[in-house]
Protein chains: 2
Amino acid sequence: MKTSWIAADWGTSNLRLWAIGPEGEVSGRETSDAGMGGLTADGYEPALLALAEKYLGDGPTEVLICGMAGARQGWVEAPYGAVPCKPSGLAPVTAPTTDPRLSVRILPGVSQAEPADVMRGEETQVAGFLAGHPDFDGILCLPGTHSKWVHISAGEIVSFRTFMTGEIFSLLSSQSVLRHSLHDEGWDDAAFAEAAADAMSRPERMASSLFSLRAASLLTGLAPGTARARLSGTLIGLELAASRPYWLGQRVVLIGGPLLTQPYAKALSAQGVAPESHDGEHLALAGLTAARIALTGTAQ
Amino acid sequence: MKTSWIAADWGTSNLRLWAIGPEGEVSGRETSDAGMGGLTADGYEPALLALAEKYLGDGPTEVLICGMAGARQGWVEAPYGAVPCKPSGLAPVTAPTTDPRLSVRILPGVSQAEPADVMRGEETQVAGFLAGHPDFDGILCLPGTHSKWVHISAGEIVSFRTFMTGEIFSLLSSQSVLRHSLHDEGWDDAAFAEAAADAMSRPERMASSLFSLRAASLLTGLAPGTARARLSGTLIGLELAASRPYWLGQRVVLIGGPLLTQPYAKALSAQGVAPESHDGEHLALAGLTAARIALTGTAQ
């Protein structure tokens, strides 16, 4: 089976790639945990070959990559387009390779001068969304380790803000004193909604509300699933309090897997916002395909 | 040299003890990193002996301990006194020992039902402060991994709140994406003051302000010492925004070492509060001595 080109989303934690066949169809899909966070510059080509080798022919196959592989500590540094800009306005950069079967390019990220902010990878999901919704005017929210709120108008990213919500949740739930009180995967919808509402009205109480989870666990046996939902609600509520100028009275689309988008959808619904949700993986491939078309004139 | 008794402050990270001589004087001082966080129940007696053995005689020596050694995951669980209460109102509990030269008791902590909160160890520093200032009426603030704000009136703890400020600072500066931007021990007073003021006026922006440190480091080469000071200012400002009912218009005393208390003193001074500062280690020993007097009628 012949591979026309390879699309790859290379984030901090994972590498995901799609082999694209001669008709533009997805002929294979691979993932590994060889994320940028665990690689040095000379580790990228072997990590890519480990997943991609079976899709390569004798001649060079084009690989188009988005995400943290283009960071300063990545494979090769790709520039940032500065807002306001199209999500995929700049040319990709070529990554150094030794295997003649590889021809690798990495897509640029997007930056904002004030307030200082950057993204790498999310701009490609945004481009994928806009490829299917060229007239969209509104807000895209991409929850995750570093959640992004992106204001779109006339096909451009006007402004955006990043929140460390997912990373703070992960550190607090796995490494802080709260880990003793959150030791299962349970959940409590009502506790989530109440904590989100509390954090939106009194965001400054975050650091004391969180310690109360530990204290309530010791004093009254607070259920771990309730504590986990309250931690999530407190952090997402804090994010929604600060991102209010983005979502209030706006058309909001959530991009991501359901585990990430559902809590945001619930908390936003309580504020009278009814967001749509779109799958992020699908949009990453759509954005890489749009970049391929821009470069070669064809998705094949 | 004969030891009359041994005082010990056994926290999550460290064990600190003082040997007290026949005249009530400190005849020896020892510390180790055998904190409660790294011990199982059967590890306490050996860890204590490793520091205390040289001070023991043939008969049993009384050891009086405050702090996390009395937690549920500690040596033996000591109860909590419930506010409003004196900081050292309940009787200590006896810890199980096998060495006949040891007679060990652990002081209780203090709890609050609503909002749920607990302390173990800080109540002994509070007792030590009150031993020297029996008529104090006001606020004690003990910055640290889990900062405490304690309202004192008529010799009792009326209410208190814990903030996870120190633990969040530690996790973010050593394990989050911010670690790349904070890789030295530099400092920037002006950046600290500005970040603290910003966080007090817009506390909900915490999670996005922090990511901006990373973005500014990438885009404009923000100095690590400035980023570190802004991280500290943002988290302490958030704490001060929530603890305002404690400090606004109140007499405030900071308890702790200068590295912990100085940033709080600067941020409070900018709000028109002029806190005194007292050394926490000295007050822990004073509180243990007060407990010794309550138990035996003498500090010797």
Side-chain angles (χ1 to χ4, degrees), chain A residues 12 37 71-73 80 82 109 111-119 145-149 161-168 170-172 174-178 180 199-200 202-220 222 235 237-244, chain B residues 12 37 71-73 80 82 109 111-119 145-149 161-168 170-172 174-178 180 199-200 202-220 222 235 237-244:
Chain A
T12 301
R72 191 168 299 170
Q73 286 90 4
Y80 295 107
S111 70
Q112 176 173 279
E114 188 57 41
D117 217 327
V118 291
M119 67 170 78
T145 303
H146 298 150
S147 296
K148 308 283 179 188
W149 288 81
R161 281 310 266 149
T162 303
F163 296 79
M164 294 180 63
T165 306
E167 184 162 23
I168 295 172
S170 169
L171 288 172
L172 289 175
S174 65
Q175 302 199 50
S176 82
V177 69
L178 299 183
H180 305 299
M200 291 186 69
R202 301 302 301 268
E204 71 279 8
R205 294 190 177 170
M206 187 271 276
S208 58
S209 300
L210 297 185
F211 190 77
S212 274
L213 300 180
R214 177 60 182 152
S217 164
L218 289 166
L219 298 175
T220 60
L222 180 70
L235 296 177
L238 192 69
E239 178 178 332
L240 293 185
S243 59
R244 196 178 266 116
Chain B
T12 302
R72 190 168 300 169
Q73 287 90 5
Y80 295 107
S111 70
Q112 176 174 279
E114 188 56 40
D117 217 326
V118 291
M119 67 169 79
T145 304
H146 299 150
S147 296
K148 308 283 179 188
W149 289 82
R161 281 311 267 148
T162 302
F163 295 80
M164 294 181 62
T165 305
E167 184 161 23
I168 294 172
S170 169
L171 288 171
L172 289 176
S174 66
Q175 301 199 50
S176 83
V177 70
L178 299 183
H180 305 298
M200 291 185 69
R202 301 301 301 268
E204 71 279 9
R205 293 191 178 169
M206 187 271 277
S208 57
S209 301
L210 297 185
F211 190 77
S212 275
L213 300 180
R214 177 60 183 151
S217 164
L218 289 166
L219 298 175
T220 61
L222 180 70
L235 296 176
L238 193 69
E239 179 178 333
L240 293 185
S243 60
R244 196 177 266 116

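Reckoned from all heavy atoms, side chains included, excluding hydrogens, waters and symmetry mates. Convention: sequence-line order gives letters A, B, ...; per-chain numbering from 1.
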Here the gap from B/His146 atom NE2 to A/Ser176 atom OG, rounded to the nearest 0.5 Å, amounts to 6.5 Å
Bottom line for B/Met206: the part with an atom under 4.5 Å from chain A's heavy atoms is side chain
The interface call for B/Thr220 against chain A, heavy-atom contacts under 4.5 Å, is neither
Output for pair (B/Leu210 CG, A/Thr162 OG1), nearest 0.5 Å, gives 12.0 Å
Practice prompt. Evaluate side chain to side chain contact (heavy atoms under 4.5 Å, CB included) for A/Ile168 paired with B/Leu172, printing each intermediate quantity in order.
Written response: CA-CA 8 Å; A/Ile168 295 172; B/Leu172 289 176; 4.1 Å; yes
Separation between OH (A/Tyr80) and CG (B/Leu219), nearest 0.5 Å, reads 6.0 Å
Bottom line for B/Glu167: the part with an atom under 4.5 Å from chain A's heavy atoms is side chain
| query | When you look at CZ of B/Arg214, are more than 12 heavy atoms from neighbouring residues, nucleotides or ligands closer to it than 6.0 Å? | reply | yes
Applying a strict 4.5 Å limit to non-hydrogen atoms, the region of A/Gln112 in contact with chain B is backbone
Tightest non-hydrogen contact, residues B/Gln175 and A/Leu171, listed as CB-CD2, 3.8 Å
Shortest non-hydrogen pair, B/Val118 vs A/Phe211, comes out as O-CE2, 3.7 Å
In terms of heavy-atom pairs under 4.5 Å with chain A, the winner among B/Ser208, B/Ala215, B/Ser243, B/Pro203 is B/Ser208
ask   = Is a side-chain N or O of A/Ser212 found less than 3.5 angstrom from the main chain of B/Ala116, in a donor-acceptor match?
value = yes
Distance col, row B/Glu204:CD vs A/Glu239:CD, nearest 0.5 angstrom, shows 12.5 Å
When every non-hydrogen atom of B/Arg205 is compared with those of A/Ala242, the smallest separation belongs to CA-CB, 3.9 Å
